[in-house]
S.K.: 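Here it is, the structure, as structure tokens.
Only this structure's heavy atoms are used, side chains among them; waters, hydrogens and symmetry mates stay out. We count residues from 1, following the sequence as given.
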Amino acid sequence: MFTLTKALLIMGSSALFAAGTHTDRSQVFGRATLSPKSKSSASGRVEFSKNEKGRMVVLVLLKGLKPGKHGFHVHEKGDCSAEDASSAGGHFNPAGSTHGSALSGKGHAGDFANVVADAKGEVKTAIELPAPADVSVFIGKSLVLHEKEDDLKTDPTGNSGARIACGVIEAKTP
């Protein structure tokens with residue numbers, strides 16, 4: 001069984017430090033379970049926490065993907081009921097920014113980095129957002145994984161293709 005705990009053990013603390021962060025697993029404030037959409041087999045779990053610098057860290061564990069880069073975004077609605085995840089709405093973009101990467105400080109608030117699936121079709125990574133962040137802004141929104149790489153420029157979606165997995169971000173009390 002593919003679980004977050006097993007994946008974190010596989011990743012080890014070195015992967016979290018390589019991502020430039022250290023997180024306290026007791027400080028998880030949000031999580032989402034992604035289910036397959038658009039007839040894909042992609043699924044996984046994501047957890048939101050804060051590191052010692054007060055920055056949001058997104059732990060991403062996915063499986064069932066084609067190897068390579070995939071767009072990964074927070075969408076405005078907490079609704080993954082549609083078969084193609086269109087019920088999740090557009091990218092979470094409260095500031096009305098153009099598309100880009102939240103990691104560079106440009107783009108929609110929901111424009112996370114591309115995630116990279118290995119040869120087995122798995123993603124095990126930690127994404128640290130560049131500025132102090134309030135995890136609560138994402139609660140009730142959905143996380144969407146796309147079939148293709150996000151080009152980080154084409155507005156509004158990064159030309160990243162179909163929505164292949166979706167999960168609603170829920171609060172978790174530490």
S.K.: So how far is it from L62 CG to L143 CG, rounded to the nearest 0.5 Å?
M.R.: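 Here the interatomic distance stands at 9.0 Å.
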
S.K.: Under the side chain to side chain donor-acceptor pair (under 3.5 Å) criterion, do H70 and D150 qualify, and how do the steps go?
M.R.: CA-CA 6 Å; H70 297 269; D150 184 334; over 6 Å; no

S.K.: Looking at L34, V123, L145, which hits side-chain contact (heavy atoms from CB on, under 4.5 Å) with V60?
M.R.: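 Going through L34, V123, L145 one by one, the side-chain contact (heavy atoms from CB on, under 4.5 Å) with V60 is satisfied by V123 alone.
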
S.K.: Please report the interatomic distance CD1(I169) to OG1(T33), rounded to the nearest 0.5 Å.
M.R.: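 Answer for the CD1-OG1 pair, I169 versus T33, is 11.5 Å.
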
S.K.: Determine the minimum heavy-atom distance between A119 and P67, stating which atoms define it.
M.R.: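 Looking at all heavy atoms of both residues, the closest pair is O-CG, 3.8 Å.
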
S.K.: Among all residues two or more places apart in sequence or in another chain, which pass the side chain to side chain donor-acceptor pair (under 3.5 Å) test with D84?
M.R.: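 For D84, the residues satisfying side chain to side chain donor-acceptor pair (under 3.5 Å) (neighbours in sequence not counted) are S86.
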
S.K.: Determine, for E122 against K124, whether the closest basic-nitrogen to carboxylate-oxygen distance falls under 4.0 angstrom.
M.R.: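 Yes, E122 and K124 are salt-bridged.
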
S.K.: Any salt bridge (Lys or Arg N to Asp or Glu O under 4.0 Å) pairs touching residues 68-83, not counting sequence neighbours?
M.R.: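 Counting only pairs at least two positions apart or across chains, the salt bridge (Lys or Arg N to Asp or Glu O under 4.0 Å) contacts touching residues 68-83 are K69-E149.
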
S.K.: Mark yes or no for whether H73, through its side chain, and V144, through its backbone, hold a donor-acceptor pair below 3.5 Å.
M.R.: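 Here the side-chain-to-backbone pair does not exist.
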
S.K.: Could you give the distance from CZ (R55) to OG (S49), rounded to the nearest 0.5 Å?
M.R.: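 So the CZ of R55 and the OG of S49 are separated by 14.0 Å.
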
S.K.: Does R163 reach the main-chain N or O of A85 with its side chain, forming a donor-acceptor pair under 3.5 Å?
M.R.: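 At least one qualifying donor-acceptor pair exists.
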
S.K.: Within the distance-only criterion (no hydrogens, no angle test), does the side chain of S40 pair as donor or acceptor with the backbone N or O of A42 below 3.5 angstrom?
M.R.: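 Yes, S40 side chain to A42 backbone: donor-acceptor pair under 3.5 Å.
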
S.K.: With distance as the sole test, does E128 use its side chain to make a donor-acceptor pair with the main-chain N or O of V57 at under 3.5 Å?
M.R.: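 No, because the side chain of E128 does not come within donor-acceptor range (under 3.5 Å) of the backbone of V57.
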
S.K.: Listed by chain and number, what are the salt bridge (charged side-chain N to carboxylate O under 4.0 Å, His left out) partners of K148, not counting sequence neighbours?
M.R.: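 Applying salt bridge (charged side-chain N to carboxylate O under 4.0 Å, His left out) to K148 gives none.
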
S.K.: Can you check whether K63 reaches S43 side chain to side chain, under 4.5 Å on heavy atoms?
M.R.: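 Side-chain contact under 4.5 Å: yes.
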
S.K.: Identify the two heavy atoms, one from S142 and one from C166, that lie closest to each other, and give their separation to 0.1 Å.
M.R.: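 For S142 and C166, the tightest heavy-atom pair comes out as CB-SG, 4.0 Å.
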
S.K.: Check the pair T125, L59 against side-chain contact (heavy atoms from CB on, under 4.5 Å), reporting the backbone distance first and the verdict last.
M.R.: CA-CA 6 Å; T125 193; L59 298 174; over 6 Å; no

S.K.: Taking all heavy atoms of S87 and all of C80, pick out the closest pair and write down the distance.
M.R.: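 Here S87 and C80 meet closest at OG-C, 3.6 Å.
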
S.K.: Look up atom NE2 in H146 and atom CZ in F72, then write down how far apart they are to the nearest 0.5 Å.
M.R.: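 The NE2 atom of H146 sits 10.0 Å away from the CZ atom of F72.
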
S.K.: Output the distance between atom CZ (R45) and atom CG (L61), rounded to the nearest 0.5 Å.
M.R.: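 Result: 8.5 Å between the selected atoms.
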
S.K.: Using every non-hydrogen atom in the two residues, find where K141 and F92 come nearest and quote the distance to one decimal.
M.R.: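 Shortest heavy-atom separation between K141 and F92 comes out as CE-CE1, 3.2 Å.
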
S.K.: Can you measure from CZ (F29) to CD (E47) and round to the nearest 0.5 angstrom?
M.R.: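 So the gap between those two atoms works out to 11.5 Å.
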
S.K.: Is there a side-chain contact between F48 and I139 (heavy atoms, below 4.5 Å)?
M.R.: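 Contact flag for F48/I139 side chains = no.
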
